[in-house]
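Only heavy atoms go into these numbers, but all of them, side chains included; no hydrogens, no water, no symmetry mates. Reminder, nothing fancy here: chain letters follow the sequence lines and each chain counts from 1.
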Amino acid sequence: AQKVTQAQTEISVVEKEDVTLDCVYETRDTTYYLFWYKQPPSGELVFLIRRNSFDEQNEISGRYSWNFQKSTSSFNFTITASQVVDSAVYFCALRSRRANSKLTFGKGITLSVRP
Amino acid sequence: GAVVSQHPSWVICKSGTSVKIECRSLDFQATTMFWYRQFPKQSLMLMATSNEGSKATYEQGVEKDKFLINHASLTLSTLTVTSAHPEDSSFYICSARPGGQALTEQYFGPGTRLTVT
């Protein structure tokens, strides 16, 4: 069975602050994918990143960075110098690399960035 | 990137009526499509997985007679909510996975907000 835990439910920061969204996962599969999605108030899911389980390199994309630690089964997401437009619900998700596997979502973290 | 559309984006219907939601992959062929349901302030819940040309596989607790899914072509899947009731009001999201590439990410539609009065 797969499980994704996003222990933080709501985070509120002031613009320009850095914020880290935590994600811890459980899986019995040895190969899998991890994802982060953003869901703004409009509702549409925006794909942010996919990470292979065998690739533990951290990734940076502009103000976004991801820290994958296989030893602690965590895939944390940091937004540097947050902006009001970053306000959204962020979902971490997990999927096995087996064919026809399903995507398992965490409960999501609501991030509010105040001006 | 790949685009998935949904129609309508929102719909209001009366209790007891049926409503159909369409999901299309616009620039790729999707052998597998997924339907999710999302209640306010909650996560996405997978309702069913449909493969083109075959019957959908429903998740435990999802009534297959109430939520009819048809995946008649490689670019179109439909979800019909039959005899809708107010508790069916929710945000329905479809997702499509390109054919022959089981290891790729899924592409999500923009969602359909259903309100049953």
- Item | Under 4.5 Å from a heavy atom of chain B, the part of A:Q6 involved | neither
- Quick one: pull up CD in B:Q106 and OH in A:Y37 and give me the separation to the nearest 0.5 Å. 6.0 Å
- Query: Any sub-3.5 Å donor-acceptor pair from B:S43's side-chain atoms to A:G108's backbone N or O?
  - Reply: no
- Query: Does NZ belonging to A:K70 count more than 12 external heavy atoms closer than 6.0 Å?
  - Reply: yes
- Message: Atom CD of residue position A:Q57 - does it have more than 12 heavy atoms of other residues, nucleotides or ligands inside 6.0 Å?
- Response: no
- From the list A:V89, A:T9, A:N52, A:L45, the residue making the most non-hydrogen contacts under 4.5 Å with chain B is A:L45
- Considering residues, nucleotides and ligands other than A:K107, do more than 12 of their heavy atoms fall under 6.0 Å from its NZ? no
- Query: If you group Ile, Leu, Val, Met, Phe, Trp and Tyr by side-chain heavy-atom gaps below 4.5 Å, do B:M45 and B:F91 land in one group?
  - Reply: no
- Query: Is B:K66 atom NZ crowded by more than 12 heavy atoms from other residues, nucleotides or ligands, each under 6.0 Å away?
  - Reply: yes
- Item | Test side chain to side chain contact (heavy atoms under 4.5 Å, CB included) applied to A:Q39 and B:F108, step by step | CA-CA 11 Å; A:Q39 188 177 41; B:F108 287 85; over 6 Å; no
- Euclidean distance, B:Q6 CD relative to A:E44 CD, rounded to 0.5 Å: 9.0 Å
- Around B:H7, counting heavy atoms of other residues, nucleotides and ligands shown, do more than 12 lie under 6.0 Å from its NE2? no
- Item | Contact class of B:Q38 relative to chain A, heavy atoms under 4.5 angstrom | side chain
- Message: A side-chain contact here means heavy atoms from C-beta on lying under 4.5 Å apart; do B:Y36 and A:L103 qualify?
- Response: yes
